[in-house]
Amino acid sequence: MRPPPRWVAWSDGGWLDGPTPMGRIRAGGIVPLSSSLSPRVALAAFLFLGSLASQNDVDRAPSAPGDGQARLLQALQLAAERDFVAVPGEREFSGRMIVRPLQPETLAAAGLGAVAGVVRATALRALEPFGAARHVDATDEFLITVPAGTENLVARHLMGTLAFQYAEPDWTLYPIGCPNDTFFAQQWHHQANRMQSCLAWDLHTGNPSVSVGICDTGVLTTHEDLQLHRLEGYNAVDQRWESQGGSISPVHPHGTQTTGCAAANGDNGLGVSGVGWNLSHRMLRVSNVSTGSASLSVLQHAARTAVENGDKVASVSYSGADASSNLTTATYIKSIGGLLVWAAGNDNRNLTFGNRDSDDLIVVGGTDENDLKASFSAYGTFVDLVAPGVNVATTGTSSNSNYVYASGTSFACPLTAGLCALIWSRNPALTPDQVEAVLKGSTDDLGAAGVDNTFGYGRINAYKAMQQAGGGGGAAPVADFTGAPTSGTVPLAVAFTDASSNAPTAWSWDFGDGSGSSAQNPSHTYSQAGTYTVSLTASNAFGQDTETKVGYITVNPGGSTEQQIAFDGFESANYSGGTGWLGAWTASGDVSIRTDGPHSGTRHARLRSSTGLLRRQVDLTGVTQARVVFWLRLRSFESGDTFLARVTSGSTTLASRIFVNGEDDNAYYRYEFDLSGASGVVTVEFDANMNSTSDYAYVDDVEVRGVR
């Protein structure tokens, strides 16, 4: 017996959650937590139309998705499965959410532009139960209020409509980093063995026409070291400028400390020097409470307001960098000519949320006096670079002449934001992308050679940045790479490593066998014997360069012993893992990679309902005695439920088997298809044709073997 469906509904001013009978609640208020997918309708757009349009519209739907549509559907499904976890004192639920409908350009890129209006209408209808929603015109986001503790339920429901790009909590966030002791002493981070700030200031100290917006807890406007070039402040909570009564006085010391890092007045015989000590600075106060806590949406509003009103850089020294709405805000800010810089966080967490080179947000980790990662600093693929963040000397709030040592990525962030503004001041003609390229290209490399996931591009260096910015721009990359191994027998898997200098931000590889990659450090498997010439084109905002290595890879013929041609056990947790395949799995419909009882390892693929489909190709050119081996586990089949496994070459079926009710004992079994005589590219396919989402087929350890 299948479990009853779960519903979440608004009725008579209260939320109901559970197996609620439809008759007990008015129909207009009930919405299922996850959409039911119509059989064999594979395009994401028609998942909406299945319930919104006439049957004739649905009948005209294509029977199979294109790559763009499959990728979009997969991304939406993964987003719908994301759980948000509160961390007291760092990020806490607020009873509010930030949601963004799917954008017309996203649908158009997936070949679904014609249904953008339907998708928009679906999104707006889904928001109706939440009452009045505030719309952010700049980023096309809605701010909605939800019952406390229902954020995950609401997110799953909204993402289940397939009409939203994201639905995430409007977190209550906290300043990250607190002062240790008062001082009036030397600032180690500016010294010649670190940021080389004195040499930088010999070239440029900043122009007051360029300003940095500090989105923080207020500022002590009477501090002796913050008197020059202070611009009118803004209270982002009350949405009032200083001249309109908006208070920017410090509710917490944090904002005065971060302001001093970026722009404390230099060469005045007092206190400390900010990175850009002759720049203008603006406080955009984001909190009205003594803890300094602020909502994510207010922080984003403050950052947008800063750049909309002339600041070139917005600095946010709060937790919560890894949010989809931050990326939207950063892209908007870059589109109007500015940059958004955000602290990585002090939880020593591996930030795998995104990739430093595929978004517009600059995320900054922290280092200590020995150029090591600060013990507390977050790290990972989402972190762009690092800056000093331990015992940073800066301005304090105890008095107008108070100075403190402060630690945290909170202080690495404004040091970086101040340097971005200083680069712009040195060369106002630079675009935001070019300023970012100068920033990354002028770092001191720490840790493993090149870009890594501990320090990103490296630790900021003000002198090198001024050198690169002052010559009319930064430098184009000088391309270089290595590969290992460079010789071996078929199939030969080679790991390529980018060794280019001057901070490339994009890569184009040609492996010499008709395939390539845009990854920075790709791996590639050569399936045929031969000698291959490999080239890499590395580029950034200032230009590109190509390195070609002739005859770099030598692949020798294999012997007569059977070998593994391709394999995937789904251990990568994505559809592009494994070895020996041509491209990734095409995954559409109700497919997911899970950890609930795989055949081996920690993961397997699950296909459900009548829409789960997995396809992947392998090249059998030069392979004899080929065979496909896979492990399959079936559960909860009923009369009429089937599951198809087959291998095809073009429109020809080489081998297949249909599994039916009676084979669903919830245990893994090994199956094998003989492909003797097959040649060229073949497709391995698994296709679910069951009636319910409680009917399951699990696939694991898919292997192609043969003699090459």
Side-chain angles (χ1 to χ4, degrees), residues 175-191 194-195 197-198 200-201 205-206 208 210-231 233 248-286 292 306 311 313-318 341 343 364 366 387-422 425 460 462:
I176 43 181
C178 299
N180 292 331
D181 305 295
T182 58
F183 85 110
F184 191 85
Q186 196 173 21
Q187 295 174 279
W188 66 266
H189 54 285
H190 284 316
Q191 302 311 305
R194 294 296 179 258
M195 289 174 56
S197 298
C198 291
W201 295 329
T205 60
V210 176
S211 57
V212 57
I214 307 297
C215 307
D216 219 296
T217 62
V219 65
L220 184 63
T221 59
T222 56
H223 196 286
E224 63 182 6
D225 228 3
L226 299 174
Q227 293 302 296
L228 295 179
H229 315 312
R230 187 181 74 82
L231 301 180
I248 64 165
S249 61
V251 296
H252 187 285
H254 194 263
T256 302
Q257 296 160 10
T258 54
T259 300
C261 290
N265 306 146
D267 200 28
N268 61 354
L270 299 171
V272 296
S273 293
V275 176
W277 51 259
N278 204 33
L279 297 170
S280 292
H281 56 94
R282 185 195 312 276
M283 173 53 60
L284 299 101
R285 200 175 87 178
V286 297
D311 299 332
V313 187
S315 177
V316 180
S317 290
Y318 272 70
V341 183
V364 186
V390 175
N391 293 330
V392 175
T394 186
T395 47
T397 55
S398 296
S399 70
N400 292 333
S401 57
N402 176 231
Y403 300 88
V404 297
Y405 284 115
S407 295
T409 57
S410 273
F411 310 103
C413 176
L415 289 176
T416 303
L419 182 55
C420 288
L422 195 64
S425 178
I460 62 172

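Just so it is clear, the model here is predicted, and its values are computed rather than measured.
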Which atoms form the tightest heavy-atom contact between [X] and [Y], and what is the distance?
X: Ser317; Y: Cys413; answer: OG-CB, 3.6 Å
X: Ala421; Y: Val210; answer: O-CG1, 3.5 Å
X: Gly218; Y: Arg285; answer: N-CG, 3.4 Å
X: Gln257; Y: Val404; answer: CG-CG2, 4.0 Å
X: Val313; Y: Cys420; answer: CG2-CB, 3.8 Å
X: Pro253; Y: Thr397; answer: CB-OG1, 3.5 Å

Does any N or O in the side chain of [X] come within less than 3.5 Å of the main-chain N or O of [Y], such that one atom is a donor and the other an acceptor?
X: Ser315; Y: Ile214; value: no
X: Gln227; Y: Thr221; value: yes
X: Thr222; Y: Asn400; value: no
X: Thr259; Y: Gly255; value: yes
X: His223; Y: Asn402; value: yes
X: Thr256; Y: Thr395; value: no

Worksheet item: Can you name the residues that form a side-chain hydrogen bond (donor to acceptor under 3.5 Å, both in side chains) with Thr258, not counting sequence neighbours?
Response: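 By the side-chain hydrogen bond (donor to acceptor under 3.5 Å, both in side chains) rule, Thr258 matches Asp216.
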
Worksheet item: Who passes side-chain hydrogen bond (donor to acceptor under 3.5 Å, both in side chains) against Ser280, sequence neighbours left out?
Response: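 side-chain hydrogen bond (donor to acceptor under 3.5 Å, both in side chains) check on Ser280 returns nothing, list empty.
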
Mind checking the [atom1]-[atom2] spacing from [X] to [Y]? Nearest 0.5 Å is all I need.
X: Trp277; Y: Thr205; atom1: CH2; atom2: OG1; result: 4.0 Å
X: Asn278; Y: Ser273; atom1: CG; atom2: OG; result: 11.0 Å
X: Ser399; Y: Glu224; atom1: OG; atom2: CD; result: 7.5 Å
X: Met283; Y: Ser249; atom1: CE; atom2: OG; result: 10.5 Å
X: Asp225; Y: Leu220; atom1: CG; atom2: CG; result: 11.5 Å

Fill in: Set of residues satisfying salt bridge (charged side-chain N to carboxylate O under 4.0 Å, His left out) with respect to Asp311, sequence neighbours excluded
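For Asp311 the salt bridge (charged side-chain N to carboxylate O under 4.0 Å, His left out) partners, ignoring immediate neighbours, are Arg282.
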
Worksheet item: Should the pair Phe411 and His254 be assigned to parallel (<30°), tilted (30 to 60°) or perpendicular (>60°) ring geometry?
Response: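 Geometry flag for His254 against Phe411: tilted rings.
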
Worksheet entry | Val275: which of Ile460, Thr416, Leu415 passes side chain to side chain contact (heavy atoms under 4.5 Å, CB included) |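 Only one of Ile460, Thr416, Leu415 forms a side chain to side chain contact (heavy atoms under 4.5 Å, CB included) with Val275, namely Leu415.
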
